[in-house]
Every structure is written in structure tokens, then in C-alpha cells.
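In what follows, chains carry the letters A, B, and so on, assigned in the order in which the sequence lines appear, proteins first and then strands, with residues in each chain numbered from 1. Worth saying up front: this structure is predicted, and the values here are computed from it rather than measured.
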2 protein chains.
Amino acid sequence: MVSAFSPQSAGDLNFLKTLNRSAVISHVRRYPGATRADIASRTQLTKATVGSVVQGLLDQGWLCEGELQPRGEGRPGRALYLDDTHHVLWGADIGVKSLRLVACSLTGQHLIEHHDAEAPTTPEATMKRLAELLNQLQQRPEVAGREILGLGVTAPGPVSPLIPVLRLAPNIRWSDVALLDVLDEAGLTMPGVRLLDNEANAAAFGEFYFHAGTPPESLVYISAGTGIGSGLVTGDEYPLVPRGVQGLLGEIGHTVLQPGGLYCHCGNRGCAETLVSGWAIRAALGLDENADLEKEVGLKSHEPGVQHVLARAGEALGVLMLNLHHTLNPATMVLGGSLLRLGEALTQPALAYFEAHQNDLLRESQHIPIKLIEDSTYTAARGAAAQVMAKAVLDV
Amino acid sequence: MVSAFSPQSAGDLNFLKTLNRSAVISHVRRYPGATRADIASRTQLTKATVGSVVQGLLDQGWLCEGELQPRGEGRPGRALYLDDTHHVLWGADIGVKSLRLVACSLTGQHLIEHHDAEAPTTPEATMKRLAELLNQLQQRPEVAGREILGLGVTAPGPVSPLIPVLRLAPNIRWSDVALLDVLDEAGLTMPGVRLLDNEANAAAFGEFYFHAGTPPESLVYISAGTGIGSGLVTGDEYPLVPRGVQGLLGEIGHTVLQPGGLYCHCGNRGCAETLVSGWAIRAALGLDENADLEKEVGLKSHEPGVQHVLARAGEALGVLMLNLHHTLNPATMVLGGSLLRLGEALTQPALAYFEAHQNDLLRESQHIPIKLIEDSTYTAARGAAAQVMAKAVLDV
DNA sequence: TTGGTTAGTTCAATTAATTTACTAATTCAG
DNA sequence: CTGAATTAGTAAATTAATTGAACTAACCAA
């Protein structure tokens with residue numbers, strides 16, 4: 001997918017070693033049970049190099065050996081796996097209506113899940129709550145004794161690409177908060193790396209990174225909740241999460257789908273969020289801003305008016321997906337967010353529009369798989385944990 | 001702009017050397033007249049490494065030394081420049097209505113420009129013509145004796161991201177052509193690398209690569225001509241041209257701006273190209289498909305109907321730019337393509353819409369510069385030449 | 001002229017990958 | 001059961017890149 005790779009930054013021997021260690025870990029992550037010989041042939045490294053890199057990772061508890069892998073003729077190789085027992089990755093997702101925490105092992109297993117139903121208030125109070133929770137959860141037996149690689153935090157809004165500052169989160173009325181600093185000031189005691197990212201970016205990265213089997217060459221995650229956002233992972237050899245110069249990459253909720261349409265809280269008219277989003281659907285159904293959408297829709301699911309509202313919103317989601325596809329042409333799309341809980345009444349029209357309106361070239365090419373995550377409660381937090389791992393690998 | 005860099009591919013010592021050589025060249029390209037000491041401090045390489053890399057590049061004719069650069073106190077450093085005299089980069093742009101060729105030096109100076117007004121017919125005939133032209137132009141004194149680094153070819157349609165195949169070019173009715181093979185079979189005698197890319201991708205890369213001064217951190221090029229396409233360059237340390245899994249990244253002409261709108265030749269309704277593109281404007285003005293748009297509009301520029309058509313098309317372009325900005329959030333946008341020749345009657349409404357409809361976050365952040373290229377005749381060909389250089393650097 | 005400062009080179013030292021030769025474990029044929 | 005063939009992995013010497021320290025070079029100012 002990527003071409004014209006023209007490095008502007010230099011590296012030393014240590015960088016090279018880091019690069020190769022990261023490549024070995026990536027390979028084992030993608031192909032659990034791979035042998036040293038498998039890794040050597042796929043990465044183009046020599047047997048000797050792979051041997052020494054693997055030995056280092058075994059010593060540090062990143063990898064562990066498994067059974068012998070018979071390969072027809074010849075000596076069988078020794079299976080290698082990510083060692084699930086020595087480390088822990090923490091991810092925290094500051095949602096519009098709750099705080100969600102996850103502790104993951106290196107393979108992405110959830111060791112602890114925690115859902116805190118209190119909606120965020122001020123940044124200080126919320127970070128205090130988060131610090132307390134994390135300080136407590138660290139003691140739990142599921143993670144006790146593990147080396148903590150770090151904490152990734154996600155927020156429902158764009159994050160500055162250069163410094164860990166949440167620029168704007170309209171749905172919780174925060175702006176320009178250096179969240180990681182606030183968190184440290186709130187008394188968090190946790191070693192390792194600290195990361196802050198947008199919720200959709202983190203979710204996209206997690207879906208890519210912890211993907212079972214060979215991951216897609218690129219991936220877009222669409223987060224459909226109170227607002228609409230998206231995150232992109234692109235690049236085969238060097239997967240990246242581009243964020244845009246202002247951290248706004250993927251803020252598709254404010255692409256214009258209906259010039260001259262309804263007014264949006266962003267000041268424009270006809271934004272996607274005026275057609276499909278938690279607040280647009282609540283408004284269209286005449287519900288209160290804080291109404292439990294899933295419950296209300298569940299109660300009235302038989303009413304044709306409700307069906308019609310969901311179908312229209314779903315169609316708008318389909319247009320959004322199609323436009324995003326024409327713009328980014330990802331290998332996979334993943335749909336998540338709280339709106340997915342409204343079920344097929346919403347998703348079916350979206351998928352139908354997407355399928356029906358592909359142009360000739362898209363239709364002729366291979367089918368683009370679309371994954372629906374009905375329950376994405378921990379998707380973003382898990383993605384933040386994945387980012388911690390990707391970062392920690394470079395620091396080993 | 002880019003985070004969560006998690007390399008999946010490995011490297012050897014030679015890769016490291018290539019990386020550093022590329023970084024040195026990039027630095028001199030960005031900052032002509034830089035000294036070895038400048039490069040060392042910016043790249044974090046040691047003086048010794050920079051010294052030896054630079055010596056190698058001097059020997060091979062990639063760099064040359066200039067005057068002494070006094071730096072206040074201390075010994076002045078020796079200015080370094082890309083050597084403009086030893087190499088040549090070839091770029092060819094297969095347009096909808098003509099063939100355009102450029103020979104560039106390493107700094108992007110045009111040594112030869114050639115415009116062939118014949119519209120493409122079959123791939124074979126067109127490549128025959130191109131091969132003949134190139135074989136002739138190679139003899140010209142402007143480039144005689146220079147080492148040829150290679151040829152980049154651009155086409156008006158999506159190119160497969162893995163193999164150099166033009167997948168579909170509706171405006172010249174080609175599909176699934178291995179253009180570089182056809183070109184070689186047509187008798188081209190030219191050494192060096194061969195590249196094929198989409199016209200907008202190449203233009204975007206060229207605008208980035210040959211940018212005077214520090215290039216923007218990311219850049220989108222919008223090509224507004226017979227159809228509408230775009231190309232993206234992203235990434236600060238490792239600039240990339242993402243192409244999408246099917247080579248369709250940036251095919252924004254078929255994003256839906258008006259659900260249920262006019263039928264587009266792609267089979268959908270309400271595509272951007274039904275509102276703003278050479279053929280949409282010709283249709284709206286009641287002109288023939290092959291009419292000279294610039295001339296016709298020039299003749300009737302006083303007619304209010306013409307003004308209105310251009311204003312409406314311009315506004316659609318503005319929506320497209322805004323949506324693209326919300327999706328990709330590039331540091332710079334560049335507008336090119338033959339429609340730009342229609343002048344302010346088209347571009348002014350586009351820019352006005354873009355400015356007026358930025359949402360709060362965009363407005364608050366720094367102004368996004370938009371560059372208009374009124375005459376983009378050689379922009380794509382020049383971009384293809386830039387891609388040749390980026391590739392050749394890795395092969396030195 | 002001398003001391004201070006920055007630029008650039010030289011060369012031994014370091015470090016990571018490689019090469020070559022080796023050992024190890026398995027299958028298969030006889 | 002034995003030995004040849006095959007593949008996996010290790011060990012040690014080698015190669016090739018960056019590095020560090022010591023050096024020379026060029027300039028300024030007092």
C-alpha cells in the first residue's frame with residue numbers, strides 16, 4: 001500500500017537492533033508458534049541473527065518456547081510464543097458516559113476489565129478517579145508481580161499529534177487538557193510509558209495489532225457513538241497511525257453529507273453527525289439528551305417511525321463508509337461504538353447502501369471485509385494497551 | 001503526525017547505511033548549503049559518520065561543495081549542495097489529452113520540458129510514441145552525458161499498489177495495462193529504475209519532495225481536470241505515499257456529495273465528479289465532450305449563466321476540500337489540474353466555501369495554507385521524476 | 001601572537017549482523 | 001537398525017557499519 005519510502009531520519013546500530021527485535025516480535029505476534037527458522041525466512045534475517053535476538057527476548061520474558069514443530073523432513077523447530085505471563089499493559093478509555101479500564105497480556109488477553117459507570121466531570125476529578133482505580137487494580141492477583149509496561153489513555157476527541165494534549169472533547173466539554181500530566185498530579189503510581197490518543201485511533205490500532213492471523217494491510221475503524229470518529233492504520237512494513245497535522249485526521253463526523261442541511265454543533269450545516277450519531281438519533285426520536293438510547297429503542301422497536309429513523313441514520317452511515325472508502329481505500333473496515341448496540345435496524349441499511357453503491361472498480365476488486373463489533377466496550381482501552389506494547393518494544 | 005511506529009520488517013547493516021545516506025540527502029535537499037556540522041546536529045549522527053557518508057556522496061556526484069559558511073565564532077563550515085550536473089531524472093505524464101515529459105536535475109530543475117499534444121489512443125501506440133520521444137530527447141545537449149537515474153510514468157487512473165499495472169483509466173478507456181512492460185516492448189532504451197503511479201499521487205509527492213525550504217509535514221494534492229483525484233504524502237520522518245489496498249486511495253471524485261443526485265459514469269449518483277470536473281462543467285455549459293473548456297469559457301466569461309455554473313462547481317470543490325480536510329487533516333493542500341486554468345471564477349467560490357465552513361477546531365488552529373497551481377502542465381511528470389530520485393537514493 | 005571556538009578528519013574501538021562450520025534432531029531408505 | 005538426507009539451531013571468527021577520542025584546520029578577537 002505504501003510506496004516512495006524516503007527516510008529523512010537517520011539511525012544507529014542500536015536502532016537497527018531495535019528494528020529487528022520489533023520485527024521478530026511482530027512475526028511471533030502474527031504467527032504464534034513460529035520457529036526461529038520461520039522467522040529467519042520471513043524477515044530475511046540470518047539464522048544467527050534471529051537466534052541471538054530470540055535468545056535476548058527469551059531472557060527478558062517477552063517470548064517463551066513451546067512444543068516441537070515437525071516440518072515433514074528434517075529436525076523440527078521449536079515453537080515460539082509471546083510470553084503471556086510476565087508483563088501487563090494498561091489501557092484506559094475516557095468515554096462520554098463512563099470510564100473503562102483494561103489490563104492486557106502481551107497477546108491481548110484481558111486480565112482485568114473494569115467499567116466505571118460514572119460520567120466524566122472535570123478533567124481533575126476524572127483523572128483522580130482514574131488514578132485511584134488504577135492504583136487499586138494494580139494490586140489485583142490477576143496482574144500482581146507482572147512487569148508493567150505502561151498505560152495508554154484514550155479520550156473522545158482529537159489529541160495533538162506532537163504533545164499529549166487533548167485538544168477538544170465537545171461531548172464532555174473539555175478542551176486543551178494535558179491529560180497525562182493531570183493524571184500524574186492526581187497521584188498515579190505506575191511505571192512504564194504513558195500514551196494519550198484519540199479513542200478511534202487507539203481502537204483502530206488495537207484491531208490491527210491484536211488481529212488474529214496476518215493482519216490486514218490497512219484498516220479503518222469507525223466509531224459510531226455520541227459522535228462519529230474514525231481511526232486509520234496504514235502501512236505494511238511500518239504500520240502507522242497517521243493523526244493529521246492538528247490531530248484531526250479521521251474526524252469524519254463533520255464531513256458534509258448534505259450541503260445546506262441541518263445545523264451542527266460545530267457551526268456548519270449538513271455534517272454527518274447531524275444525520276447519524278447518538279445525539280442526532282435521540283433528537284430525531286424526540287428523546288432527552290441523556291436518554292438510554294438502547295433501552296428506548298428496544299421498547300419502541302415495533303414502531304415504524306423508529307424503524308424509519310434508524311434506517312435513515314443507517315443510510316447516512318453507509319454514505320460515510322463509502323466516502324471513507326473512496327478516500328482511504330482501506331483493506332478492512334471495522335465498525336464499533338455504542339450505536340452498534342441498536343442492532344441490524346441501523347447496520348443493515350448502512351451495509352446495504354455500501355454494497356449497493358460501490359462503483360465499478362470497487363465492485364470488481366476483491367470484497368472489502370467489514371467487521372461489526374456489537375460490544376465495543378473495551379475496544380478503545382484495549383487499543384491503548386496495544387499502543388503501549390508497540391512503544392515498549394522499541395524501548396526494551 | 002505519525003505515531004505508534006511498529007516496524008514489522010527487519011534490516012541489515014546495508015539498510016542502515018542506506019537509511020543514513022537518504023537522511024543526509026534529504027537534509028541537503030531541504031536545506032541547500034548545509035554544512036556537515038549542520039547535518040550532524042539535525043540527524044543525530046556523529047560528525048564522523050556524516051563525514052564519511054558525505055564523502056561517499058561527493059565521490060558519486062550526488063553532492064558538491066560550495067563556499068565557506070561563516071558561523072560567527074569558530075571555523076566556518078563548507079556548504080553542501082545537491083550536485084545538479086551529473087544526473088538526470090525522467091518523468092512522463094500520460095494525460096487525458098496529451099503526453100508530457102520532463103527531465104529534471106537532482107534539485108528539480110527542469111532541463112527539458114516536452115508537451116506532445118496528441119491524445120492517447122491505445123496503450124501500445126501511446127507507449128511507442130513515448131519510447132520514441134524519450135529515445136530522441138535523451139540525445140539532447142541539456143542532458144547528454146548525465147547519468148540517467150530512471151523514469152517515472154504517471155497515468156490518469158488508479159495503479160495497483162503491488163505491481164506496476166494501471167487498473168482503470170476511464171477517461172482514456174484503458175484498463176489493466178502493465179504500462180512499464182508495454183513501454184519496454186515498445187523499444188525504450190533507458191537505464192535506471194522504472195516507476196508507475198497515479199498522476200495525483202506523483203504530483204503530491206513532487207510537491208512535497210521538491211518543496212523549497214522545510215517541506216510540510218503532510219500534503220494533499222487535488223487534481224481537478226477531466227476527473228477529480230487526489231494524492232497524499234504523509235509522515236515526517238518517513239514520508240509515504242499511501243495508495244490504498246486497491247490503489248484507490250484519494251479517488252475522491254466518486255465520494256458522494258449529493259445522495260440521490262445526478263448519475264455518474266461510475267454507476268453511482270451524486271458523486272463529486274457530477275458536480276465539479278471537466279465533463280460536468282462541459283455538460284452544464286452544453287459544450288461538446290472535447291470542447292476546449294478554457295477557450296469557450298474565456299469567450300463567454302461575461303455571461304451570468306457561465307459564472308453561475310463555475311460558481312456552483314467551485315462550491316462543490318470547496319465541499320470536497322473541506323471533507324478531505326476533515327478526513328485527512330493535511331498540513332497543506334495544493335490545487336492543480338486543468339480546471340485551474342478557468343481562474344478565479346472557479347477557485348474563488350471553492351476557497352470561500354472552505355474558509356467559511358471550517359468548524360471551530362479548524363478555525364482555532366493555525367491557518368491551513370492552500371497553494372493554487374494555475375499551470376500544472378508538468379506537475380505530475382515532475383512528481384514522477386521526484387519519485388525516481390527517492391527510489392534511486394535507496395539504490396546508490 | 002595566543003587563546004577560544006567551531007568544523008572536519010583519522011583511527012582504533014565497539015557493536016550488530018554475517019559467514020562458515022559445526023552439532024542436533026528428525027525422516028526415510030535399505 | 002543403520003546411515004544418508006534434511007532441516008533447526010548454535011558457536012566462533014569475520015565483516016561492516018557507527019562511535020569516541022584525539023587530532024588538525026580555520027577563523028575571530030584581544
Student: Would you mind telling me which residue lines up with the more 5' stretch of DNA chain C, V53(A) or G74(A), judged by nearest nucleotide?
Tutor: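 Looking at the nearest nucleotide for each, V53(A) comes out on the 5' side.
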
Student: Rounding to an integer number of Å, can you tell me how far R21(B) CZ sits from dA16(D) C1'?
Tutor: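 In whole Å, dA16(D) C1' lies 14 Å from R21(B) CZ.
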
Student: In whole angstrom, give the distance that lies between atom CG of L80(B) and atom C1' of dA7(C).
Tutor: 12 Å

Student: For residues Q387(A) and D197(A), is any side-chain donor paired with an opposing acceptor at under 3.5 Å?
Tutor: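 On atom types as modelled, these side chains qualify, holding a pair under 3.5 Å.
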
Student: Taking the side chain of L16(A) as heavy atoms from C-beta outward, which of dA8(D), dA17(C), dG8(C) is closest to it?
Tutor: dA17(C)

Student: Counting heavy atoms from C-beta on, name the nucleotide in dA17(C), dT18(D), dT9(C) closest to the side chain of N20(B).
Tutor: dT18(D)

Student: Which part of the nucleic acid does T35(B) contact within heavy-atom distance under 4.0 Å: base, sugar-phosphate only, or nothing?
Tutor: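 Here T35(B) touches the backbone only, sparing every base.
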
Student: Expressed as a whole number of angstroms, how long is the span from R36(A):CZ to dT7(D):P?
Tutor: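 Rounded to the whole Å, the gap is 19 Å.
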
Student: Quick one: which of dA8(D), dA17(D), dC27(D) gets closest to the side chain of K17(B)?
Tutor: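 Selected nucleotide: dA17(D).
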
Student: I want to verify a distance call: between dG9(D), dC27(D), dT18(C), whose nearest atom is closest to the T49(A) side chain?
Tutor: dT18(C)

Student: Do V393(B) and W62(B) come within less than 4.5 Å of each other through their side chains, counting heavy atoms only?
Tutor: yes

Student: What's the closest nucleotide to the R75(B) side chain, out of dG20(D), dA17(C), dG8(C)?
Tutor: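 Between dG20(D), dA17(C), dG8(C), the one nearest the side chain of R75(B) would be dG8(C).
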
Student: Of the options dA16(C), dG9(D), dT5(C), whose atoms approach the side-chain atoms of E73(B) most closely?
Tutor: dT5(C)

Student: Please tell me which of the listed nucleotides, dA12(D), dA17(C), dT18(D), lies nearest to the side chain of A48(A)?
Tutor: dA12(D)

Student: Reading DNA chain D from 5' onward, which residue's closest nucleotide shows up sooner: D12(A) or R71(A)?
Tutor: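 So the residue in question is R71(A).
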
Student: Figure out the CD/P separation between Q69(B) and dC27(D), and round it to whole Å.
Tutor: 13 Å

Student: I need the CD-C1' distance between E65(A) and dG9(D), as an integer number of Å.
Tutor: 10 Å

Student: Could you state the interatomic distance from CG (L57(A)) to CG (D83(A)), rounded to the nearest 0.5 Å?
Tutor: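 Reported value, rounded in 0.5 Å steps: 11.0 Å.
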
Student: Between Y31(B) and H27(B), how do the two ring planes meet: parallel, tilted or perpendicular, split at 30° and 60°?
Tutor: tilted

Student: Quick check on DNA chain C: between K47(A) and Q55(B), whose nearest nucleotide comes earlier from the 5' end?
Tutor: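 Nearest nucleotide further toward 5': that of Q55(B).
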
Student: Could you give the CZ-to-C1' distance, from R78(B) to dT9(C), as a whole number of Å?
Tutor: 15 Å

Student: Taking CG from L45(A) and P from dA17(C), how many angstroms apart are they, rounded to a whole number?
Tutor: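 One finds 8 Å between P of dA17(C) and CG of L45(A), rounded.
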
Student: Over how many whole Å does the gap from I39(B) atom CD1 to dA7(C) atom C1' extend?
Tutor: 12 Å

Student: Can you list the steps and then say if L149(A) with L106(A) is a side-chain contact (heavy atoms from CB on, under 4.5 Å)?
Tutor: CA-CA 10 Å; L149(A) 292 180; L106(A) 294 187; 3.8 Å; yes

